[in-house]
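Numbers here simply count residues along the sequence, with the first being 1.
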Amino acid sequence: MPAPCIICVAITGSVPQKSDNPAVPITLAEQVESTHAAFEAGASICHAHVRNDDGSTTSDPEKFALLKEGVEKHCPGMIMQMSTGGRSGAGKMRGGMLPLRPDMASLSVGSNNFPTRVYENPPDLVDWLAAEMITHDVKPEIEAFDLSHIFRAAEMHEKGQIKDTPYVQFVMGVKNAMPVDRRVFDFYIETVERLFPDAPWCAAGIGANQIVLNEWAVAAGGHARTGLEDNVRLDKQRLAPSNAALVARVVDICARHDRPVASPAQARAILGLRAA
C-alpha cells in the first residue's frame, strides 16, 4: 500500500493580509477556527505564525502559547510546528517560543534572497536555534530555499546539531530564490535520499506554484504543504475561501495518486515524534 501523505497547512504566515484575501486568519480565534477546519479536511501539521490584531507580525511567545492551547483543544493530536522565521522577529527573539515545546519548529539553515530583502540566517543564530530545539525536544523542519541548505543540514546532522532523522522541506517559487524547476526538484529528492537515507521530505510552492509542488510531491512519494501563508488563490479568477479548501485540494491529489492521507498519529510515527 502506498505510504500515507502528510498534509501541512501553513495557516497565516507573516505577509498575507485580509486585503489580499478576507479568509486570512489574523486573530488567535480566527487562527484556531481556520486550523480546526483544515484539520477536519485532512491536515495533520499546523505550521504556525502569530500576528498582532492589526495584522502586523510578532514572535510573542504568549500568543504562540495561546494558539498552541487552542489547537490542542480543538484538533486532538495535530502536530504543532511553530515558525522561527525572520519576518516575525530578529535574533534570538525568533526562538522565544521554543521553550513551549511544540512538536516541531521550522529551521532555515542558510540565507537567501526574498522578493524585496535578504532573508538572513547567520550561522551563529542557526546554531543557537538548533541547540534550543535539542534542549526543548523540538524536531526541526529544515526549510531548504537553496541546494546549499540541504548540504548545510547534512553537516549539522553529522555534528549532532540536528538529532534523529531529519525532515527536509523544499521551498520553491519565492521570487529571487529557487524557481519552480522539475529537474532541480528531482535533484533535491536525489540529494536528500543520498545524504539522509529513508528521511521523509516535503515540498512547498509559492503562489500559483503551490498546486504544482503539491502534485509533484504527492506523485513522488513525499509530503505536501499548502495554506494561505503561501498562496491566497484557487486560481486566477478565485480567491481561496479558506485554508480547508486548499487542504481539500491536496486530499483530491492524494486520491488521484492512490496515496492515503496521513492521520495525526500516522504523521507522528512517520516523523518520529512523541505521542500527542
Side-chain angles (χ1 to χ4, degrees), residues 1-13 23 25 31-48 70-82 102-104 106 139 141-143 165-172 185 188-189 192-193 198-206 209-235 240-276:
M1 185 175 180
C5 177
I6 300 169
I7 300 176
C8 172
V9 60
I11 54 174
T12 191
Q31 290 196 47
V32 171
E33 181 179 2
S34 185
T35 301
H36 179 252
F39 173 75
E40 292 290 318
S44 54
I45 298 177
C46 169
H47 177 78
V71 171
E72 288 174 347
K73 178 180 179 180
H74 294 285
C75 309
M78 192 176 200
I79 296 164
M80 279 297 297
Q81 182 190 98
M82 296 183 179
D103 302 293
M104 302 182 73
S106 62
K139 186 179 184 73
E141 179 212 55
I142 308 303
E143 293 196 336
T165 303
Y167 185 53
V168 181
Q169 177 176 263
F170 319 137
V171 185
M172 306 183 81
F185 176 79
Y188 274 178
I189 298 172
V192 167
E193 290 177 345
D198 302 320
W201 56 268
C202 179
I206 307 304
N209 291 305
Q210 184 175 79
I211 194 168
V212 176
L213 269 293
N214 290 162
E215 284 275 0
W216 290 358
V218 172
H223 306 289
R225 167 166 148 163
T226 190
L228 291 168
E229 172 178 350
D230 300 337
N231 166 50
V232 297
R233 310 191 71 86
L234 287 177
D235 53 43
S242 62
N243 275 304
L246 295 173
V247 171
R249 190 165 69 169
V250 182
V251 171
D252 289 342
I253 294 171
C254 289
R256 285 195 279 105
H257 291 282
D258 296 320
R259 295 276 310 277
V261 174
S263 68
Q266 288 174 318
R268 287 177 180 275
I270 291 167
L271 298 174
L273 299 176
R274 58 185 179 267

Residues in side chain to side chain contact (heavy atoms under 4.5 Å, CB included) contact with [X], at least two apart in sequence or another chain:
{"X": "Leu273", "answer": "Ile79, Asp103, Met104, Lys139, Arg268, Leu271"}
{"X": "Glu193", "answer": "Ile189"}
{"X": "Ser242", "answer": "Ala244, Ala245"}
{"X": "Thr35", "answer": "Ile11, Cys46, Val71, Cys75, Met78"}

(message) Applying salt bridge (charged side-chain N to carboxylate O under 4.0 Å, His left out), can you list everything that pairs with Glu72, at least two apart in sequence or on another chain?
(response)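 If we apply the salt bridge (charged side-chain N to carboxylate O under 4.0 Å, His left out) test to Glu72, skipping adjacent residues, the hits are Lys68.
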
(request) Could you pull out all residues at least two apart from Asp235 that satisfy salt bridge (charged side-chain N to carboxylate O under 4.0 Å, His left out)? (result)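 Scan of Asp235 (salt bridge (charged side-chain N to carboxylate O under 4.0 Å, His left out), adjacent residues dropped) gives Arg238.
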
(message) Would His223 and Ile270 count as a side chain to side chain contact (heavy atoms under 4.5 Å, CB included) here? Give the steps.
(response) CA-CA 11 Å; His223 306 289; Ile270 291 167; 4.0 Å; yes

Between [X] and [Y], which heavy-atom pair has the shortest distance, and what is it?
{"X": "Gly70", "Y": "Val32", "answer": "O-CG1, 3.9 Å"}
{"X": "Pro241", "Y": "Ala23", "answer": "O-CB, 3.3 Å"}
{"X": "Gly77", "Y": "Pro264", "answer": "O-CB, 3.3 Å"}
{"X": "Gln81", "Y": "Cys8", "answer": "OE1-SG, 4.3 Å"}
{"X": "Cys5", "Y": "Ala224", "answer": "SG-N, 4.1 Å"}

[X] [atom1] to [Y] [atom2] distance, which is reported to the nearest 0.5 Å:
{"X": "Ile7", "Y": "Cys254", "atom1": "CD1", "atom2": "SG", "value": "4.5 Å"}
{"X": "Glu141", "Y": "Trp201", "atom1": "CD", "atom2": "CH2", "value": "13.0 Å"}
{"X": "Gln31", "Y": "His36", "atom1": "CD", "atom2": "NE2", "value": "15.5 Å"}
{"X": "Gln266", "Y": "Ile6", "atom1": "CD", "atom2": "CD1", "value": "9.0 Å"}

For [X], what residues pass the side-chain hydrogen bond (donor to acceptor under 3.5 Å, both in side chains) criterion, not counting sequence neighbours?
{"X": "Glu40", "value": "none"}
{"X": "Ser34", "value": "Asn243"}
{"X": "Asp198", "value": "none"}

(request) Kindly assign one of parallel, tilted or perpendicular to the pair Phe170 and Phe185, based on the angle between their ring planes and the thresholds 30° and 60°. (result)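 Ring orientation, 0 to 90° scale: perpendicular.
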
Tabulate below the donor-acceptor pairs under 3.5 Å that side-chain atoms of residues 210-222 make, not counting sequence neighbours, or state none.
from, atom 1, to, atom 2, distance (Å)
Gln210, OE1, Thr226, OG1, 3.1
Gln210, OE1, Asn231, ND2, 3.0
Gln210, OE1, Arg249, NH2, 3.3
Gln210, NE2, Gly227, O, 3.1
Asn214, ND2, Gln210, O, 3.4
Asn214, ND2, Arg225, O, 3.0
Glu215, OE1, His257, NE2, 3.2
Glu215, OE2, Arg256, NH1, 3.2
Glu215, OE2, Arg256, NH2, 2.4

(request) Mark yes or no for whether Thr12, through its side chain, and Pro25, through its backbone, hold a donor-acceptor pair below 3.5 Å. (result)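 It does hold such a pair.
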
(message) Which residue in the set Leu234, Asp230, Val232 passes side-chain contact (heavy atoms from CB on, under 4.5 Å) when paired with Leu246?
(response)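 Exactly one pass, corresponding to Leu234.
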
